[in-house]
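Letters go in sequence order (proteins before strands), and every chain restarts at 1. Atoms considered below: every heavy atom in the structure, side chains included; atoms not considered: hydrogens, waters and symmetry mates.
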Amino acid sequence: MAFVIETYPFAEIETKWQKLWEKEKIFETIENPAKPKFYVLEMFPYPSGKLHMGHVRNYTIGDCLTRFLRMNGYNVLYPMGYDSLGLPAENAAIEKGVNPKDWTLARINEMREQQKRMGFSYDWEREIITCDPEYYRWNQWLFLKMFESGLAYKKEAPVNWCDSCGTVLANEQAEGGVCWRCNTIVKTKKLSQWFFKITHYVEELLSRLDELKGWPENVITMQRNWIGKSYGTEIEFQIIDDTRKIRVFTTRPDTVYGITYLVIAPEHPMALDLVKNAKYEEQVIDYIALTGRKTEQERSSTKEKSGVFTGRYFINQFTGDKCPIYVADYVLMGYGTGAVMAVPAHDQRDYEFAKEHQLPIKTVIVPWVGEPPDDRAYEEPGKMIESAQFTNMDSETAKNAITDYIENQKWGKRTVQYRLRDWLISRQRYWGTPIPVIYCDKCGIVPVKVEDLPVILPEGAKFTGKGNPLETVKEFIETECHKCGNKARRETDTMDTFVDSSWYFLRYISPDSKDKPFESRRVNYWMPVDQYIGGVEHAVLHLLYSRFFTYVLRDLGLINFSEPFTNLLTQGMVCMPTFYVPSLGYVLPEEVENNIHKPTGRPVEIGPSEKMSKSKKNTVDPGRIIEKYGADTSRLFILFASPPTKELEWSDQSVEGCFRFLNRVYRFVYKFKDKINAHERNLIPETLHARTINRKLHQTIKKVSLDIKGRFHFNTAIAAIMEFVNELYKWEITEKDFPFLKEVIEKLVLLLSPFAPHIAEELNLMIGGKSFVCLKEWPQYNTLIAKEETITIVIQINGKVRHKLEAPCDITENEAKDIVMQDEIVKTKIQGKEIRKIIYVPGKLVNIVLG
RNA sequence: GCCGGAGUGGCGGAACUGGGAGACGCAGUGGACUCAAAAUCCACCGGGGCCUCGGCUCUGUGCCGGUUCAAUUCCGGCCUCCGGCACCA
C-alpha cells in the first residue's frame, strides 16, 4: 500500500455518476398508487445568467430532502423549470441587440448545465420553460376563462410611468421612485389597464391562512398584513347647499364628536364637482394638478401636510356644527372611500394638518389618569368627554355604542375595509405573454377565440429602449374582429410574469398536456405540493398570487383542493462576511488575503455580513467552487454551515473542512476495500470494539433520520455522520472485524448519499455494491442496539453539577438515590448538612437540595 | 410608527419537552511522521483562581428582575441587530 491518495478524484467521479444517472433515467417519476406520493417543489429560477449561491442553496436543500424521501419509499415528484419571460431578456435585447428568445434559451442552457453539475436529481422530462408558446398559451387560456367569469377586467388606473423610456413600469421596477434603467423619477399616470380580481377572494385568502400550519409564522403574518383587513364604520355627512353627501370610513367612531373638518383625496370624483364655478375652483384645480405631478414617494415622504380649502362646508350631525371640507393628498383614493373625517385631537396626521391650516382641535377623549398631551394627538383609549350621551363612557365601549347609534339614525353602517387591491397584470413590454384580446371599433373588447390560441409573440420587434416593442410590429397589431369581420387592433400589453409562476407547479405534473393546461386527474394525485422551498422575498407576491389562482382553478372545476402548498420552507440568505482592516475599513475575505495583517497573525475584527449580490461584487461563483472541490463538497458545506432557514455565512475555510471530511471518508473506505471485497457481509459484530461501533452506527442512523425528517436540520445530521467517522478512525480493526466492517461501510454510504450522492455511489461500487445507492432503501435503526449499556447520572448539589456516576440503564429511582448517597465523594460534600429533598430525573440526574 | 425574527467561545453553529452549556466544523496550540515542508494521524482548546497535575472552585448563553430544587429554554421590563409594511383613516 505504497500508493498515497492526495485528494479523492471528485471531478472524475462526479461526471461519471451524473452520466450514469442520466443514462439509466433513474429520476423519472410516474404516478404510482402503491407508494405514498410526495411533491418537492423549488421556486424555479429566472434564467438571467449563471446560477448564484442562493439558487444552489435552494436546490441543494430540495435535492437532499428528495433523495432522503425516495430512499424512504416515497414516490417523489421533483421537477425543474425556468421562469423565462421578463425584463432582463428584453433589456439584453435593447443593450446588446440580441433576440430575447435566443438570449433566454442560451441562459437556460448555461443554468441547466450547472444544475446537472451539482447532481440534482430532477426529472428532466418534466422541464417547463414559460417563454415556450406551448406554456404561455395556457396563461392566455386561463385569462380567457377569467375574463368570461369577470375575474379579468380592464379599468383606468394610476401606474408608474417613466417619461424617458416612454413606458409603464412595475412597482418592483420603480424601486425608490426611480426608473431602474435610466434613473428618471417615475410619475403616476392614469392608464387603462388589465386587472385580475384577486379581491373577490380576499376573505378566503385571509381565513385559509389559519389552515397553513406548515408555513412559517412570518410569511403568514406578512400575508395577513398585506391583505390588511380592518373593521370600522362608514358614515355619511350632508354637504351644505347641496343634495349630496360625503361618505367616510373610520376605525374610530368613538371620536366623531371631535370632528372639526373633512378631507377628500385629490382623485376623489367630488373634488372638482364641489368647486365648479366657485371662488376656490382655480385653487383646487391647481392643487390637484400639482399632486398629479408628484411621485408616490414625494407624496408620502414629505413631513408637512399640504392641502387646500374647497370653500364648502358640511354638517357634523353629531354636534350640529358647520365644518369645512378640504382636499389634501394625505388622503388616498385607493383606500376606504377616499374621504376621511378629521379628528385632529385624536389622529396625528389630522393634528399636523390642522396645525398647518389653523383648524380647530377639539378633544373628546382624555386619559383616565393624567392630562392629554398638548403637542400631539392623543390616540390611545380613555374617558369620553363632551360627547353628548356618550360622555364619561370608556372610549372602547363607546365605539360600539356610537356605531349602534349611527346605524339607528341611518347615518351609516358597520363595514370592513381591506388593503389588498386587484392585481394589475398589464405590462407595456415585449417579453411577456400577449394578453389575448382585440379591440374592435364596433364590438369593443373582443376576447381571442380559444381555438386561435396561442397568440404568439411576433419576431421582428424593434428594441430601441423606448416604448413597447410590440407596438412596432404592424402585422401583430393589425387583425380583424372575428365577430364582425372589420379591421381590429390587437392588445399590445403583455402579462405580468407573476402570472406564469402562479400555476407552473401544476404544469409540471402533465407537461405535455395538449387540450388543457394540465390533466386534472394527475394533478389531483400529486397536489398539493408537500414541500415548497424558496426565498422569503416571495412571501407575499408569488405565494399570494398562487393561492388566488388555485381558488380560481378550483371554482372552474379543474382541481379539487384549495391550498397549493402544504409546507413551506423559506431558506435564509447567503452572506459574505466582511473583515475590518484598519487601513481599508470593512473588506471582503479575498482582500484580507492580500493584506499585511493576516500574515502577521494579528486578528482582524469581523465586520457585519453582507448579503451576496452582483451589484456589490461580493458573490462566490458556484462554478468555481465545484471546479475546485466538486459538487459533493459544495452541497455538504451548504447543508452543514447552518440550518436551512437561517442565514448562511460563506467561509472558504469551512468549505475546505467539508472537503477534508469527504477525503477522510474516501481514504478510510479505500484502505479497506480489498478486505471488504474479500469477505461476506456479517451484521453481527464479533469483537468488543465492534459492538461499540455498532451501537454508534445505530445511534447515528437514528439521529440522521430524525434530523432530516420534519426538522430539516441537515447540519446536525452531517455532524452526526462526522462523529461516526471519527469513531471509525479510532477502531482498532482486526481480521475478525472485516465481515462486520462491510456492513458498517454499506450503512455509512447510505447515510452519506443524500448529502454527497456522487462519492456515495463511488464508495458503494468500491465495496462491491451493485445497484445505485440512491435507489436503495434507507437504513433502519434498532433502538435496542442504539441504547447505551450504562447511563451517566449527573449529581447536582443545590442545582450545581458536583459529580457524575456510571450506572446500569435500568436503574430504579431508589437504586439511583442509593448509589449516589453511598458515593464517598458525595458523602464528603454533603457532610454535616441537612438534606431537604432529593430530586430524581430518570436516567439523567440526582439533585440533592441541602438546608 | 406598526408587525415579525434573532442575540451562546476567536468564528459558523449544537443543546428537540425546564435537567451535564459549547456537539460537529473552522481558526489556533502541542505532538507523531518527514532531511524539511505540505498533506495526514493523535491530543488540547470559554474566562478567572487554587493546585499535591489528579482534580477542585468561582464565573459565563445581550442587560435588569421574577418563577423553580434546577433557566440558553418559562414570565415581566429594557438594549442592540436583521427583515417586512408604512400618511391604510
- Message: Anti or syn, where syn is a glycosidic angle within 90° of 0; which label fits B/rG9?
- Response: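 Base orientation relative to the sugar is syn.
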
If you look at every strand shown and take non-hydrogen atoms under 4.0 Å, does [X] touch a base, only sugar-phosphate, or nothing?
X      : value
A/K804 : base
A/R660 : sugar-phosphate
A/Y729 : sugar-phosphate
A/S651 : nothing
A/R224 : nothing
A/G657 : sugar-phosphate
A/V340 : base

For nucleotides 82-86 of chain B, print each protein N/O atom paired with a nucleotide N/O atom at under 3.5 Å, atom names and distance only.
none

- Check the pair A/R836 / A/N798 against side-chain hydrogen bond (donor to acceptor under 3.5 Å, both in side chains), numbers first and verdict last. CA-CA 10 Å; A/R836 270 209 305 188; A/N798 287 336; over 6 Å; no

- Item | Non-neighbouring partners of A/R57 that pass salt bridge (Lys or Arg N to Asp or Glu O under 4.0 Å), sequence neighbours left out |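 Salt bridge (Lys or Arg N to Asp or Glu O under 4.0 Å) check on A/R57 returns nothing, list empty.
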
- Task: Report yes or no: do A/N663 and A/T7 form a side-chain donor-acceptor pair below 3.5 Å?
- Result: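 There is no such pair between these side chains.
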
- Message: Just by distance, no angles: are the side chains of A/S230 and A/Y335 close enough, under 3.5 Å, to form a donor-acceptor pair?
- Response: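 Their side chains do contain a donor-acceptor pair, which is all the 3.5 Å distance test asks for.
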
- Nearest nucleotide by nearest heavy atom, which residue falls closer to the 5' end of RNA chain B, A/I718 or A/G336?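 It is A/I718, whose closest nucleotide lies nearer the 5' terminus.
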
Could you list, one pair per line, each protein nitrogen or oxygen that sits under 3.5 Å from a nitrogen or oxygen of nucleotides 14-19 of chain B, together with the distance?
residue : atom : partner : partner atom : Å
B/rA14  : OP1  : A/N715  : ND2          : 3.2
B/rA15  : OP1  : A/R711  : NH2          : 3.1
B/rG19  : N2   : A/Q796  : OE1          : 3.2
B/rG19  : N2   : A/N847  : ND2          : 3.4

- Note on the structure: Given protein heavy atoms under 4.0 Å, the one-letter contact record of nucleotides 49-57 of chain B, with B base, S sugar-phosphate only and - none, is simply -------SS

- Query: Is any side-chain N or O of A/N726 closer than 4.0 Å to OP1 or OP2 of B/rG25?
  - Reply: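 Yes, A/N726 has a side-chain N/O under 4.0 Å of OP1/OP2 on B/rG25.
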
- Are any of A/R247's side-chain N or O atoms less than 4.0 Å away from OP1 or OP2 of B/rA89?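 No, A/R247 has no side-chain N/O under 4.0 Å of OP1/OP2 on B/rA89.
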
Throw together a table of side-chain donor-acceptor distances under 3.5 angstrom for residues 712-728 of chain A, partners on residues two or more places apart or in other chains.
residue : atom : partner : partner atom : Å
A/H713  : ND1  : A/R711  : NH2          : 3.2
A/T716  : OG1  : A/D707  : OD2          : 2.7
A/T716  : OG1  : A/H713  : O            : 3.1
A/E723  : OE1  : A/K696  : NZ           : 3.3
A/N726  : OD1  : A/R664  : NH2          : 2.9

- Message: Between A/K355 and A/D375 (salt bridge meaning N to carboxylate O under 4.0 Å), is one present in this structure?
- Response: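 No, no charged N to carboxylate O under 4.0 Å.
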
- Message: One thing to verify: whether A/E656 and A/R660 come together as a salt bridge, which I'm taking to mean a side-chain N less than 4.0 angstrom from a carboxylate O.
- Response: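 Looking at A/E656 together with A/R660, the answer is no, because their closest N to O distance does not fall below 4.0 Å.
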
- Query: Nearest of B/rG25, B/rG20, B/rA27 to any side-chain atom of A/S654?
  - Reply: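 Output: B/rG25.
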
- Message: Can you identify which nucleotide, out of B/rA23, B/rC3, B/rA89, has its nearest atom closest to the A/L332 side chain?
- Response: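 Out of B/rA23, B/rC3, B/rA89, the nucleotide with an atom closest to A/L332's side chain is B/rA89.
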
- Query: Does any nucleotide pair with B/rG20 by Watson-Crick or G-U wobble geometry, both distances under 3.5 Å, and what is it?
  - Reply: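 The base-pairing partner of B/rG20, which may sit in any strand shown, does not exist here.
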
- Tell me: NZ of A/K817 to C1' of B/rC69, nearest whole Å?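 Interatomic distance, NZ of A/K817 to C1' of B/rC69: 12 Å.
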
- Would you mind reading off the distance between A/N663 atom CG and B/rA38 atom P, rounded to a whole angstrom?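 Going from CG in A/N663 over to P in B/rA38 covers 18 Å.
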
- Message: List the residues meeting side-chain contact (heavy atoms from CB on, under 4.5 Å) with A/T790, not counting sequence neighbours, and say none if there are none.
- Response: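 A/T790 satisfies side-chain contact (heavy atoms from CB on, under 4.5 Å) with A/E806 once adjacent residues are dropped.
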
